[in-house]
Amino acid sequence: MRKFWEIVLLLGALSVGAGCGQAAGDGSEDDDDGEGGGGDTLAGGGGEGDGARPPVEPCAGFATEVADVQYGSGAGFGQDQMPGIALGPPRGGGETSGSLDVVSLGNGGVIVLGLGDQVLEDGDGPDFIVFENAFYAGGDPEAPFAELATVEVSEDGETWAAFACEATEAPYGSCAGWRPVLAGAEGSSASPHDPREAGGDPFDLADVGLARARFIRITDRPDLTGLSGSFDLDAVALVHWTCAP
Ligand SMILES: [Ca+2]
Ligand SMILES: [Ca+2]
């Protein structure tokens, strides 16, 4: 999970800058110090999340099950907390850092999420949101740190409709994995079900001609950016859905 180390280095660089008032590029000694400090903080956060994870609610508007997963090379991060780490609400990292409450799919990895008794429906505008852990590198909205995936939807789990994902540079259109996640971030009150404030990558069933869906398939796309990392799934939230348990 390349992004993990990117984040560690970024946090390290920020803490060095804030604490000492030094400009970037002071040399490897400072970078090493920062990396150590950042790593400790992040490990603590992961442990806290692990113990605090509530049971998945059946009608709360999030994915409720992992129907299938096939990891690609480089996967591993987050697998010890599957499936819970990919279900329920997102735990965003905000605009300039990425959540670690994610499972890394690995290169070309595929995950199929089920909605249980919930039915995703085509309403006005976006109908669901996929949350990765993208962030704005250096705070620049024009330069998202993106690890992309193709998103598909299905009503029966057998026939799939894919959202177009072809861009090789930002903005990445209907790919998932390039918009920072605000919902669930520290200090954020953003609803994960509101595409106007949640962050993440929104999808509209009307774009693929479907009225409803019960499964969402996410496939890592290492070919688009040429990066060595892979898509890291935090969560999927529904915007328009019904539930009949
Ligand atoms: Ca819609
Ligand atoms: Ca998560």
Side-chain angles (χ1 to χ4, degrees), residues 1 3-4 7 42 45-57 60-66 69 75-94 97-105 109 111 113-115 118-135 147 149 151-155 161-164 174 176-177 179-186 188 190-196 198-214 216 218 230-242:
M1 180 183 176
K3 187 172 296 169
F4 175 81
I7 295 164
L42 295 168
E48 183 184 329
D50 198 6
R53 197 181 302 286
V56 178
E57 296 179 45
F62 301 105
T64 58
E65 61 178 351
V66 174
V69 62
F77 189 89
Q79 282 183 31
D80 58 338
Q81 294 186 63
M82 281 287 276
I85 198 167
L87 306 176
R91 299 185 177 186
S97 67
S99 172
L100 295 180
D101 199 74
V102 295
V103 61
S104 185
L105 296 186
I111 191 169
L113 297 170
L115 304 179
Q118 302 166 116
V119 179
L120 177 59
E121 296 192 328
D122 178 31
D124 237 9
D127 304 304
F128 67 102
I129 306 171
V130 176
F131 299 101
E132 208 252 353
N133 63 356
F135 59 92
E147 290 173 326
V151 175
E152 299 166 279
V153 284
S154 172
E155 189 167 0
F163 293 88
S174 296
R179 294 182 182 90
V181 179
L182 307 181
E186 195 173 335
S188 169
S191 166
H193 307 288
D194 186 343
R196 295 167 300 182
D201 304 298
F203 294 87
D204 188 338
L205 289 181
D207 289 345
V208 292
L210 281 189
R212 62 191 67 83
R214 304 185 76 116
I216 297 166
I218 300 171
S230 72
F231 188 92
D232 304 304
L233 177 65
D234 181 346
V236 168
L238 311 184
V239 179
H240 299 120
W241 80 99
T242 57

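Atoms considered below: every heavy atom in the structure, side chains included; atoms not considered: hydrogens, waters and symmetry mates. Atoms within each ligand, like the ligands themselves, are counted from 1 in listed order. Every value quoted in this text rests on a predicted model; they were computed, and no experiment measured them.
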| said: Using 0.5 Å steps for rounding, measure from the CE atom of Met82 to the CG atom of Leu233. | reply: 8.0 Å
| said: Quick check on the Ca ion (ligand 2): does Leu87 put an N/O/S atom closer than 3.0 Å to it? | reply: no
| query | What is the minimum heavy-atom distance between Gln118 and Gly61, and which atoms define it? | reply | OE1-N, 2.7 Å
| task | Check the angle between the aromatic planes of Phe203 and Phe128 and answer parallel, tilted or perpendicular using the 30° and 60° thresholds. | result | parallel
| field | Gln79 atom CD: more than 12 heavy-atom contacts under 6.0 Å | value | yes
| note | When rounded to the nearest 0.5 Å, the distance separating CG of Asp201 from CD1 of Ile129 is 9.5 Å
| task | Using modelled atom types only, decide if a donor and an acceptor are shared between the side chain of Glu147 and the backbone of Gly177 within a distance under 3.5 Å. | result | no
| note | Protein N/O/S atoms closer than 3.0 Å to the Ca ion (ligand 1), ordered by chain and number, come to Asp122 OD1, Gly123 O, Gly125 O, Asp127 OD1, Asp127 OD2, Asp204 OD1
| When rounded to the nearest 0.5 angstrom, what is the spacing between CD in Gln81 and CG in Asp101? | 6.5 Å
| query | How wide is the angle at the Ca ion (ligand 2) between O of Ile85 and O of Asp234, to the nearest 10°? | reply | 70°
